[in-house]
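Structure first, commentary second.
These numbers come from the heavy atoms of this one structure, side chains and all, not from hydrogens, waters or symmetry mates. Worth saying up front: this structure is predicted, and the values here are computed from it rather than measured. We name chains A, B, ... by the order of the sequence lines, and we start the count at 1 in each one.
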2 protein chains.
Amino acid sequence: MARVLLIEDDPNVRDALTLALKGRDHEVESATSGEEGLERLARFAADVVVLDLMLPGIDGFEVCRRIRATTSTSIVMLSARGDDFDVVGGLEAGADDYVVKPVRPQVLEARIRAVLRRADGVPSPVETYGTLCLDRASLTVSRGGRQVALPPMELRLLLHLSASPGQVFSRQQLLESVWEHDYLGDSRLVDACVQRLRAKIEDVPAEPRYVQTVRGFGYRFGPV
Amino acid sequence: MARVLLIEDDPNVRDALTLALKGRDHEVESATSGEEGLERLARFAADVVVLDLMLPGIDGFEVCRRIRATTSTSIVMLSARGDDFDVVGGLEAGADDYVVKPVRPQVLEARIRAVLRRADGVPSPVETYGTLCLDRASLTVSRGGRQVALPPMELRLLLHLSASPGQVFSRQQLLESVWEHDYLGDSRLVDACVQRLRAKIEDVPAEPRYVQTVRGFGYRFGPV
DNA sequence: CGCGCCATGTCATGAACGTGTAATAGCTTC
DNA sequence: GAAGCTATTACACGTTCATGACATGGCGCG
């Protein structure tokens with residue numbers, strides 16, 4: 001299907017994803033550090049690079065920048081749950097998309113496909129979930145064809161949640177990765193933001209379809 | 001469709017673009033250095049040359065001049081983001097158009113087509129967005145038929161933004177790629193330039209149609 | 001050599017908007 | 001029915017952006 005270069009230092013994740021992607025008919029090469037990845041990319045004409053953020057030596061952002069400096073290869077970033085990674089950082093480094101670990105293979109593959117379609121110029125650089133459309137390049141969101149304007153925090157929250165559909169994020173995790181807050185303390189801030197977001201993107205805010213509450217845990221982006 | 005000679009030393013970019021262009025029914029030959037490119041051009045009757053700026057040995061500008069010295073083959077320049085590439089310099093060397101890397105295949109193909117049309121004498125070397133017309137060859141901009149004079153920085157900003165319509169650029173990114181500044185620090189410089197640009201190209205500067213603010217993120221070239 | 005124009009970068013001000021907090025109401029579960 | 005969790009709304013503060021004035025510096029022209 002596609003030629004994938006996986007840059008990931010954790011051998012477990014590496015093996016798991018390699019296996020999963022190969023099982024879906026992709027050709028996979030892997031590297032364990034940024035340096036090795038860049039070197040390997042020079043020989044392996046990858047269609048897409050799957051890049052972990054936390055790497056020994058030069059980090060993912062830097063690797064991303066260096067790849068971008070020379071090639072147009074698509075890049076999907078992998079971010080660990082605790083990393084304070086957000087949309088702006090990824091955008092600036094030049095990533096095409098990002099996924100939050102733990103990542104399920106089918107989600108990763110969907111992202112790879114989306115990214116490749118985009119790179120091929122198919123006029124669907126958007127992700128569509130039901131009546132909701134997300135365009136990570138132009139940072140626009142539309143519902144049922146009509147564009148909805150989202151303030152920065154709501155947009156970041158939505159992009160973060162939708163980066164891993166189905167995965168549950170606790171309020172604390174969201175505070176860290178979306179808000180970049182580091183204090184521990186309970187706050188209804190996330191709730192408030194979720195409400196405002198729902199009011200704009202849900203057809204029936206009272207029965208949310210996209211941003212779902214997982215009672216006792218946090219929120220999740222659906223539909224799976 | 002067309003016969004393309006690609007001169008590019010980075011194997012990744014070369015392979016990626018070769019593949020993409022072949023997929024669009026172009027005949028593609030490639031070379032890894034300026035010397036090889038010139039030699040190959042003598043045998044391969046290319047309609048258009050896609051030329052990387054940073055090459056081992058003689059650089060892209062020089063290659064461009066030498067091609068121009070003997071043939072009228074169209075030339076599209078490829079420039080990496082970090083290169084201190086000046087639009088004016090490129091066009092003075094005789095390039096017909098230029099694209100900033102990372103380049104998406106569809107963008108490159110659009111440029112190739114435009115360049116070829118131009119070479120065929122079709123008078124449509126301009127991109128039109130609503131009432132705004134950009135001519136990357138003559139570096140002129142006109143609004144509603146009347147030409148507007150843009151100072152260098154404003155022109156570069158506009159060309160950069162419009163090279164990827166819809167894509168959101170942060171102020172930091174713009175400082176790096178348009179101004180070639182490398183310091184980190186917040187500056188309202190971009191804002192000011194956007195402001196002056198809007199005053200010249202927007203019909204209603206207070207409700208910008210072409211250079212849009214994305215609050216909390218940066219700017220984007222519309223129209224959506 | 002000196003003058004003046006124009007482009008560029010910096011700064012101050014004000015307005016618009018988004019955000020966080022808190023208070024209250026509603027719902028779920030045991 | 002009570003306790004715990006979540007939804008909803010209102011309001012005030014802070015941030016961000018637009019706007020225009022000002023200083024600097026380069027360039028051409030006299």
For this session: Would you mind reading off the distance between A:Met153 atom CE and C:dT21 atom P, rounded to a whole angstrom?
Result: 12 Å
For this session: Please check if the side chain of A:Ser164 supplies one atom and the backbone of A:Gln167 the other of a donor-acceptor pair under 3.5 Å.
Result: no
Exercise. Hey, mind stepping through B:Arg209 and B:Glu202 against salt bridge (Lys or Arg N to Asp or Glu O under 4.0 Å) and telling me if it holds?
Worked result: CA-CA 7 Å; B:Arg209 179 180 171 193; B:Glu202 296 283 356; over 6 Å; no
Exercise. When the distance from CG of A:Leu197 to P of C:dG18 is rounded to whole Å, what number comes out?
Worked result: 14 Å
For this session: Sugar-phosphate means primed atoms, P, OP1 and OP2; the rest is base. With that split, encode nucleotides 11-29 of chain D 5' to 3' as B, S or - using protein heavy atoms under 4.0 Å.
Result: ----BBSSB----------
For this session: Choose from C:dG18, C:dT10, C:dG20 the nucleotide whose nearest atom is closest to any side-chain atom of A:His181.
Result: C:dG20
For this session: Figure out the CD/P separation between A:Glu207 and D:dT8, and round it to whole Å.
Result: 11 Å
For this session: Round to the nearest Å and state the distance from A:Glu154 atom CD to C:dG18 atom C1'.
Result: 8 Å
Exercise. Can you check the A:Lys200 NZ to C:dC17 C1' distance for me, whole Å?
Worked result: 11 Å
Seminar exercise, completed: Taken to the nearest whole Å, CG/B:Leu155 to C1'/C:dC6 is 16 Å
Exercise. Does A:Arg14 pair with A:Glu8 as a salt bridge, N-O distance under 4.0 Å?
Worked result: no
Problem set entry | Inter-residue atom distance B:Leu158.CG - B:Tyr210.OH, 0.5 Å rounding | 11.0 Å
Seminar exercise, completed: The single option from A:Arg198, A:Gln195, A:Lys200 that satisfies side-chain hydrogen bond (donor to acceptor under 3.5 Å, both in side chains) with A:Glu154 is A:Lys200
Exercise. How close or far is atom P of C:dT19 from atom CD of A:Glu180, stated in whole angstroms?
Worked result: 14 Å
Exercise. Does a nitrogen or oxygen in the side chain of A:Trp179 sit under 4.0 Å from OP1 or OP2 of C:dT19?
Worked result: no
Problem set entry | Under the side-chain contact (heavy atoms from CB on, under 4.5 Å) test, residues paired with B:Ser187 that sit two or more places apart | B:Leu189
